[in-house]
Amino acid sequence: MTDDLIRALPKAELHLHIEGSLEPEMVFRLADRHGVALAYDSVDALRAAYDFHDLQSFLDLYYAGADVLRDEADFYDMTRAYLARAAADGVVHSEIFFDPQTHTARGIGFDVFMPGMLRALADGERELGVSAKLILCFLRHLSADDAMATLDAALPWRDAICAVGLDSSERGHPPSKFTAVFDRARALGLLTVAHAGEEGPPAYIVEALDLLKVRRIDHGVRCVEDGALVERLAREQVPLTVCPLSNVKLCVFERAADHNLKTLLERGLCVTVNSDDPAYFGGYVADNYRAMQTALSLSDAQIVQLARNSITASFADDDAKARWL
Ligand code: HPA
Ligand code: ZN
């Protein structure tokens with residue numbers, strides 16, 4: 001029953017790194033296409049390497065995997081495959097993160113990855129009925145100047161981008177490092193989100209809200225360490241885009257049963273469930289709902305609430321939201 005319910009409910013996915021949807025099979029196919037040598041000799045060997053102990057140990061493999069993305073068709077294939085997989089899980093709307101600096105640093109520009117992703121979004125909308133938006137993420141381990149230059153390079157594509165975000169290594173790279181970049185993004189009419197409180201302290205969530213003026217917090221699970229912050233997040237109904245399987249794979253929680261998603265939901269926060277980097281963390285969005293339902297004994301009403309939260313927390317227009325709710 002619950003399994004069918006999870007799939008059948010219209011859901012929005014709000015925390016999905018497109019480079020993290022690159023399945024090992026596609027890594028090998030694209031490496032073959034371009035004659036790129038890989039550090040692993042089989043799909044199974046690559047998948048076996050996905051055994052992480054923290055965020056950085058994952059990021060090292062995630063950036064290495066993205067190196068096979070070379071031309072427009074690669075970005076198309078990756079994005080189109082994600083949309084098909086998401087649609088099979090009942091995703092009606094997806095707000096997709098992409099990491100321009102991972103590509104521009106390798107000499108692959110906006111003129112390569114934007115057309116590939118946008119062509120896939122158009123086909124996905126027409127063929128699968130999934131609507132989608134793009135969120136440009138800045139890599140927080142790089143400088144604020146590099147982020148500003150990336151925003152400049154994105155200007156010709158301004159109308160194809162809905163928001164900016166902040167990802168990569170959290171500890172030691174607080175949101176305050178990017179205040180000027182986010183000020184400029186908002187002046188351009190872009191919405192803002194940020195990863196905060198995944199590995200970093202609750203103070204980073206406060207900075208993201210107060211300095212970057214974010215509309216949502218990505219992850220945010222460490223908010224529970226600050227009672228006043230939990231109360232604020234509940235009062236202001238700031239959505240958290242929580243990624244349960246990611247949190248377990250990256251050892252933010254030791255086991256699924258230790259996850260605080262149910263606690264946050266019951267304290268009145270606008271919690272959503274998302275897959276983050278599904279090719280690396282062992283599941284797409286329905287798998288994440290299922291893992292939490294099983295480990296935390298979520299009721300059907302709580303599953304319905306999580307799906308509804310994902311729609312209301314999205315940046316879709318009110319007419320679209322009304323259709324899905
Ligand atoms: N956290 C930070 N950076 C990331 C993540 C994440 O979960 N996934 C891809 N880049
Ligand atoms: Zn993420």
Side-chain angles (χ1 to χ4, degrees), residues 12-23 27 50 52-67 69 78-79 82 86 94-105 113 117 133-142 146-147 150 163-175 177-178 192-201 204-205 207-208 212 214-223 239-253 259 261 271-285 287-288 291 310 313-314:
E13 178 147 57
L14 306 178
H15 187 154
L16 176 282
H17 301 264
I18 198 63
E19 294 89 352
S21 74
L22 197 56
E23 291 285 347
V27 170
Y50 296 172
F52 311 116
H53 52 272
D54 61 6
L55 175 58
Q56 193 60 50
S57 62
F58 152 69
L59 290 170
D60 293 343
L61 281 188
Y62 164 81
Y63 295 129
D67 183 46
L69 295 161
M78 171 177 68
T79 307
Y82 160 69
S94 185
E95 298 182 356
I96 298 176
F97 294 137
F98 67 108
D99 288 342
Q101 289 152 298
T102 298
H103 312 304
T104 53
F113 53 78
M117 293 192 295
K133 294 181 183 292
L134 292 176
I135 301 178
L136 182 164
C137 278
F138 302 111
L139 300 182
R140 68 202 305 157
H141 69 276
L142 301 177
D146 205 291
T150 302
V164 297
L166 196 57
D167 65 3
S168 191
S169 321
E170 186 180 6
R171 286 198 188 107
H173 302 286
K177 178 175 165 185
F178 297 96
T192 61
V193 298
H195 284 54
E198 177 187 19
E199 284 191 342
Y204 285 17
I205 300 175
E207 281 193 8
L212 307 187
V214 297
R215 304 297 187 99
R216 300 192 294 249
I217 295 287
D218 298 313
H219 292 295
V221 291
R222 284 194 62 193
C223 69
L240 302 189
T241 64
V242 174
C243 307
L245 290 174
S246 164
N247 292 153
V248 175
K249 279 292 262 186
L250 302 187
C251 306
V252 173
F253 298 96
H259 203 287
L261 174 132
V271 179
T272 68
V273 170
N274 309 271
S275 69
D276 206 2
D277 301 281
Y280 292 87
F281 299 148
Y284 285 78
V285 74
D287 300 309
N288 277 271
S310 75
S314 79

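One-based numbering, in listed order, for ligands and for the atoms of each. What's counted below: heavy atoms across the whole structure, side chains too, no hydrogens, waters or symmetry copies. The chain is numbered in sequence order, starting from 1. Given the structure is predicted, the values throughout are model-derived calculations rather than measurements.
Listed by chain and number, residues touching ligand 1 at under 4.0 Å (heavy atoms only) are His17, Leu55, Phe58, Leu59, Tyr62, Asp167, Ser168, His195, Glu198, His219, Asp276, Asp277.
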If you apply the rule side-chain contact (heavy atoms from CB on, under 4.5 Å), what do you find for Ile18 with Met78, and how did you get there? CA-CA 8 Å; Ile18 198 63; Met78 171 177 68; 3.9 Å; yes

Report the C-alpha separation of Ile217 and Thr241 in whole Å, then their side-chain angles, then the decisive distance to 0.1 Å, and conclude whether the side-chain contact (heavy atoms from CB on, under 4.5 Å) test is met. CA-CA 6 Å; Ile217 295 287; Thr241 64; over 6 Å; no

Would Phe281 and Cys243 count as a side-chain contact (heavy atoms from CB on, under 4.5 Å) if you check the C-alpha gap in whole Å, the side-chain angles of each, and the deciding distance to 0.1 Å? CA-CA 10 Å; Phe281 299 148; Cys243 307; over 6 Å; no

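For a distance threshold of 2.8 Å, the protein N, O or S atoms nearer than that to the Zn ion (ligand 2), listed by chain and number, are His15 NE2, His17 NE2, His195 NE2, Asp276 OD1.
The shortest distance between side-chain heavy atoms of Leu240 and His219 does not fall below 4.5 Å. Within the 4.5 Å cutoff, no side-chain heavy atoms of Glu95 are placed close to those of Val193. Here the side chains of Cys137 and Asp99 are in contact, with some heavy-atom distance below 4.5 Å.
The backbone N or O of Gly197 lies less than 3.5 Å from a partner atom in the side chain of Glu170, making a donor-acceptor pair. Between the Lys177 side chain and the Arg140 main chain, a donor and an acceptor come within less than 3.5 Å of each other.
Paired with Pro244 under the rule side chain to side chain contact (heavy atoms under 4.5 Å, CB included), one option of Val252, Val273, Asp276 passes, and it is Val273.
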